Amino acid sequence: MSAPIRVAQWATGAVGKTILRGVIDRPGLELVGLYVYGDKKVGRDAGDIARRDTTGVIATRDLDDLIATRPQVVMHAPRLQVPYEKHDQDLLTLLRAGINVITTAGQHFPRAHGSEREQMFLDACHEGNSTLFGIGVSPGIIGERLALGLTGASMELDSITIDEVLDARKMPDPDFAFTVMGMGSDPAELDGSGPLPTLYASLYLETIAFMCERMGVTYDEVKPDHVVRPATRDLEVAAGHIAEGTVASTEWRWHAMVDGKPFLTLAIIWTMEPDRPEYAGRDEWTIHFRGKPEMIVTLNMVEPNEPGSRTTAGQYVTAGPALRAIEAVVDAPAGIFEPPVFAPFRMDS
């Protein structure tokens with residue numbers, strides 16, 4: 001039998017902790033290191049943090065200590081932050097040290113931001129003979145795998161719309177809900193030029209650019225089309241209080257325009273009021289292909305029935321793709337890993 005893959009976990013928030021449990025529980029993986037942000041977690045055993053048996057792996061906030069554990073891959077799962085480039089230096093340090101990185105904090109398709117950003121990561125990968133892979137469910141699975149794969153059933157394809165509508169009421173982290181998602185803020189602060197629209201434009205441009213490149217589509221521009229909806233009443237949600245009139249729903253939407261018409265529309269809708277008429281009864285993901293044939297595909301998550309567990313379907317669906325990618329990323333040549341797509345629709349063929 002081959003030796004287990006040496007894995008280090010980076011961050012133990014909701015998704016990071018789910019990945020950590022997956023690493024501990026899988027016999028083909030060996031947890032060798034754990035990086036944490038919170039002072040209260042430093043010095044604790046990884047098993048204690050993950051609600052598992054003692055592992056002998058002690059949490060650290062020292063990057064050099066983590067590198068010294070000689071992991072083959074780091075499961076990088078920090079919170080997405082403003083600006084989008086916030087985690088660049090950590091990623092580059094790990095890659096230059098010869099450590100493969102699977103991250104859930106963006107970096108799905110750096111080429112979307114131009115050759116300079118892509119080359120920055122490529123140089124680090126080639127210096128360390130390492131591989132970078134950004135993965136999650138959206139971005140990562142919904143557009144890049146599910147929608148793109150289904151385009152292969154099209155004889156003709158006029159446009160694609162991807163709608164994500166997620167109930168955010170159970171989001172437990174106040175910092176993420178209020179700072180990163182923008183809930184509870186002044187609606188006027190979330191205009192198209194602010195830090196949050198800029199953050200999400202950077203993140204989701206990577207889905208748009210990846211899909212269009214694989215389909216041989218050259219778009220003229222990516223046009224933002226955002227909507228912010230204030231709370232219709234005072235709300236008490238898992239993250240805290242949202243006052244009436246402050247932001248309770250965000251619709252981040254972009255259109256990849258071709259010859260003056262939207263070819264690919266991506267809408268990311270998060271709401272603390274899922275009973276609003278705009279959202280009530282909508283599926284969590286809807287993918288609409290207009291062409292020959294016209295197709296509509298929907299996807300919904302089912303919350304797990306696990307007494308005593310606080311892990312949500314959203315955590316599983318984000319952690320799962322990262323864990324499934326470990327072997328492929330470790331075996332991949334140095335560079336930025338781009339998952340293959342079999343026979344998608346091609347505009348030029």
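Keep in mind that this is a model prediction, so the values were computed, not measured. Quick note: numbers below take in every heavy atom, side chains included, and nothing from hydrogens, waters or symmetry partners.
No more than 12 heavy atoms of other residues, nucleotides or ligands lie within 6.0 Å of CD in Glu116, so this atom counts as exposed by the packing criterion. Annotation for Arg70: atom CZ does not count as buried by contact number, only 12 or fewer foreign heavy atoms lying within 6.0 Å.
The closest side-chain heavy-atom distance from Thr131 to Pro333 is not below 4.5 Å. Side-chain contact between Val42 and Thr60 is absent, with no heavy atoms from C-beta onward closer than 4.5 Å. You'll find the side chain of Ile58 stays beyond 4.5 Å of the side chain of Leu34, heavy atoms only. Taking 4.5 Å as the limit, every side-chain heavy atom of His108 sits out of range of all side-chain heavy atoms of Phe210. Arg145 is not listed as a side-chain neighbour of Val341, based on a closest heavy-atom distance of 4.5 Å or more. Considering only heavy atoms from C-beta on, Phe263 stays 4.5 Å or farther from His255 through its side chain. Between Ser159 and Phe289 there is no side-chain heavy-atom pair separated by less than 4.5 Å. Contact annotation: the side chain of Arg61 approaches that of Val36 to within less than 4.5 Å [non-hydrogen atoms, C-beta and beyond].
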Just do the side-chain contact (heavy atoms from CB on, under 4.5 Å) check on Thr69 and Asp65 with the steps written out, would you? CA-CA 7 Å; Thr69 65; Asp65 286 348; over 6 Å; no

Check the pair Arg96 / Asp123 against salt bridge (charged side-chain N to carboxylate O under 4.0 Å, His left out), numbers first and verdict last. CA-CA 9 Å; Arg96 290 173 183 142; Asp123 288 345; over 6 Å; no

Go through the steps to decide whether Lys17 and Gln315 satisfy the test side-chain contact (heavy atoms from CB on, under 4.5 Å), and finish with yes or no. CA-CA 9 Å; Lys17 199 176 295 183; Gln315 290 165 233; over 6 Å; no

Salt bridge (charged side-chain N to carboxylate O under 4.0 Å, His left out) evaluation trace for Glu273 with Arg233: CA-CA 9 Å; Glu273 290 187 288; Arg233 61 191 185 277; 2.9 Å; yes

Would Val165 and Trp285 count as a side-chain contact (heavy atoms from CB on, under 4.5 Å) if you check the C-alpha gap in whole Å, the side-chain angles of each, and the deciding distance to 0.1 Å? CA-CA 6 Å; Val165 183; Trp285 285 282; over 6 Å; no

Go through Leu264 and Thr161 one step at a time and tell me if the side-chain contact (heavy atoms from CB on, under 4.5 Å) criterion holds. CA-CA 6 Å; Leu264 172 59; Thr161 299; over 6 Å; no

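At a threshold of 4.5 Å between side-chain heavy atoms, the hydrophobic network of Ile, Leu, Val, Met, Phe, Trp and Tyr places Ile287 and Tyr279 in two separate groups. One hydrophobic cluster, built from ILVMFWY side chains closer than 4.5 Å, cannot hold both Tyr316 and Ile24; they sit in different ones. No continuous path of hydrophobic side-chain contacts links Met257 to Val217 [ILVMFWY only; heavy atoms under 4.5 Å]. The hydrophobic clustering, which links ILVMFWY residues whose side-chain heavy atoms are closer than 4.5 Å, places Val227 and Val222 apart. By the rule that hydrophobic residues join a cluster once side-chain heavy atoms approach within less than 4.5 Å of another member, Val180 and Val247 end up as members of one cluster.
None of Ile5, Leu31, Asn100, Val32 except one satisfies the side chain to side chain contact (heavy atoms under 4.5 Å, CB included) rule with Pro71; the exception is Val32. Each of Met181, Met183, Met272 was scored for a side chain to side chain contact (heavy atoms under 4.5 Å, CB included) with Thr250, with one residue passing: Met183.
With hydrogens and angles ignored, the 3.5 Å screen pairs no side-chain donor or acceptor of Arg253 with any backbone N or O of Asp163. Side-chain N or O atoms of Thr151 include one that pairs as donor or acceptor with a backbone N or O of Phe345 at under 3.5 Å. Listed for the Glu30 side chain is no donor-acceptor partner under 3.5 Å among the backbone atoms of Pro4. Side-chain N or O atoms of Ser309 include one that pairs as donor or acceptor with a backbone N or O of Thr311 at under 3.5 Å. A side-chain donor-acceptor contact under 3.5 Å links Asp62 to the backbone of Asp64. In terms of modelled atom types and a separation under 3.5 Å, the side chain of Asp220 and the main chain of Asp259 share a donor-acceptor contact. At distances below 3.5 Å, at least one donor-acceptor pair connects side-chain atoms of Thr246 with backbone N or O atoms of Ala243. Side chain of Arg346 to backbone of Arg214: a donor-acceptor contact under 3.5 angstrom is found. Listed for the Asp234 side chain is a donor-acceptor partner under 3.5 Å among the backbone atoms of Glu244. In this structure a side-chain-to-backbone donor-acceptor pair under 3.5 Å is present from Glu284 to Met301.
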Side-chain polar contacts of residues 75-84 - donor-acceptor pairs under 3.5 angstrom, sequence neighbours left out - could you list them?
| from | atom 1 | to | atom 2 | distance (Å) |
| --- | --- | --- | --- | --- |
| His76 | ND1 | Thr103 | OG1 | 2.8 |
| Arg79 | NH1 | Asp175 | OD2 | 3.0 |
| Arg79 | NH2 | Asp173 | OD2 | 2.3 |
| Tyr84 | OH | Gln107 | N | 2.7 |
| Tyr84 | OH | Glu206 | OE1 | 3.3 |
| Tyr84 | OH | Glu206 | OE2 | 2.7 |

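For the residue pair Asp45 and Gly56, the shortest heavy atom distance occurs at OD2-N, 2.7 Å. Here the closest heavy-atom approach between residue Gly291 and residue Asp158 is recorded as CA-OD2, 3.8 Å. Pairing each heavy atom of Leu148 with each of Pro344, the nearest pair is O-CB, 3.7 Å. The two residues Leu190 and Gly182 make their nearest non-hydrogen contact at CD1-O, 4.0 Å. The heavy-atom pair separating Gly143 from Ile162 by the smallest distance is CA-CD1, 4.0 Å. Looking at every heavy atom in both residues, Pro339 comes nearest to Phe133 through CD-CE1, 3.7 Å.
Atom CG of Leu203 and atom OG1 of Thr207 lie 7.0 Å apart (nearest 0.5 Å). With values rounded to the nearest 0.5 angstrom, Thr271 atom OG1 is found 10.0 Å from Arg282 atom CZ. Rounding to the nearest 0.5 Å gives a distance of 5.5 Å between CD1 of Ile242 and CG of Leu235. Atom CD of Glu164 and atom CD of Glu251 lie 12.0 Å apart (nearest 0.5 Å). Here the CE-NZ distance, from Met295 to Lys292, works out to 14.0 Å after rounding to the nearest 0.5 Å. Once rounded to the nearest 0.5 Å, the distance linking CD1 of Ile269 with OG of Ser249 reads 9.0 Å.
In the model, His113 has no side-chain atom that pairs as donor or acceptor with a side-chain atom of Glu118 under 3.5 Å.
Taking the ring centroids of Trp254 and Tyr204, they lie under the 6.0 Å cut-off. Ring pair Trp270/Tyr200: centre-to-centre distance below 6.0 Å.
For the salt bridge (charged side-chain N to carboxylate O under 4.0 Å, His left out) condition, the pairs that include at least one residue of residues 48-60, sequence neighbours left out, are Asp25-Arg52, Arg44-Asp48.
Summarising the hydrophobic clusters (Ile, Leu, Val, Met, Phe, Trp, Tyr; side-chain heavy atoms under 4.5 Å, direct or chained), the residues clustered with Leu63 are Trp10, Tyr35, Tyr37, Leu66, Ile67, Val74, Leu91, Leu92, Leu94, Leu95, Ile99, Val101, Met120, Phe121, Leu122, Leu132, Ile336.
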